[in-house]
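First up is the structure itself, then whatever we jot down about it.
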Amino acid sequence: MLCQPLTLEPPQIIGRGTWLDKVASDIVAREKNLGRRTHSLRVESGLGASGIPHIGNFGDFARAHGVKMALENMGVKTELIAFSDERMG
């Protein structure tokens, strides 16, 4: 049995090549696949009431903001909504 040599195709560079660009590209593809318009998208981030705010809470917002920036880099108008919930459950 002959083994074919393993060849790797060059990676597809999306946007500036970050994981945020990949997420943004996947979001746009999903919305188009669902038949939705992609000229404007909303990105949301929230802070829950499970304890005092900490650096992890900032990480949640930073990721949402990064996806927003990647979508805008693709020419998609975006809106970032950040909210806080003071109730448990």
Check residues 58-66 and write down every donor-acceptor pair under 3.5 Å in which the side-chain atom is one partner and the other belongs to a residue at least two apart or another chain.
| from | atom 1 | to | atom 2 | distance (Å) |
| --- | --- | --- | --- | --- |
| D60 | OD1 | R63 | NH2 | 2.5 |

Result of checking I27, I81, L71 against V43 for side chain to side chain contact (heavy atoms under 4.5 Å, CB included): L71
Can you hop from L80 to M69 via hydrophobic side chains spaced under 4.5 Å? no
Could you state the interatomic distance from CE (M74) to OG (S25), rounded to the nearest 0.5 Å? 5.0 Å
List the residues meeting salt bridge (charged side-chain N to carboxylate O under 4.0 Å, His left out) with R37, not counting sequence neighbours, and say none if there are none. none
State the CG-CG distance between N73 and L20, to the nearest 0.5 angstrom. 11.0 Å
Taking D21 for the side chain and G17 for the main chain, is one N or O donor matched with an acceptor at less than 3.5 Å? yes
Taking R30 first and then D26, would you say they form a salt bridge - that is, a charged N and a carboxylate O separated by under 4.0 Å? no
Partners meeting side chain to side chain donor-acceptor pair (under 3.5 Å) with E31 (sequence neighbours left out): R36
For E72, which residues count as a salt bridge (charged side-chain N to carboxylate O under 4.0 Å, His left out) partner, sequence neighbours excluded? K68
Shortest non-hydrogen separation from T38 to V76 and the atoms involved: O-CG1, 3.3 Å
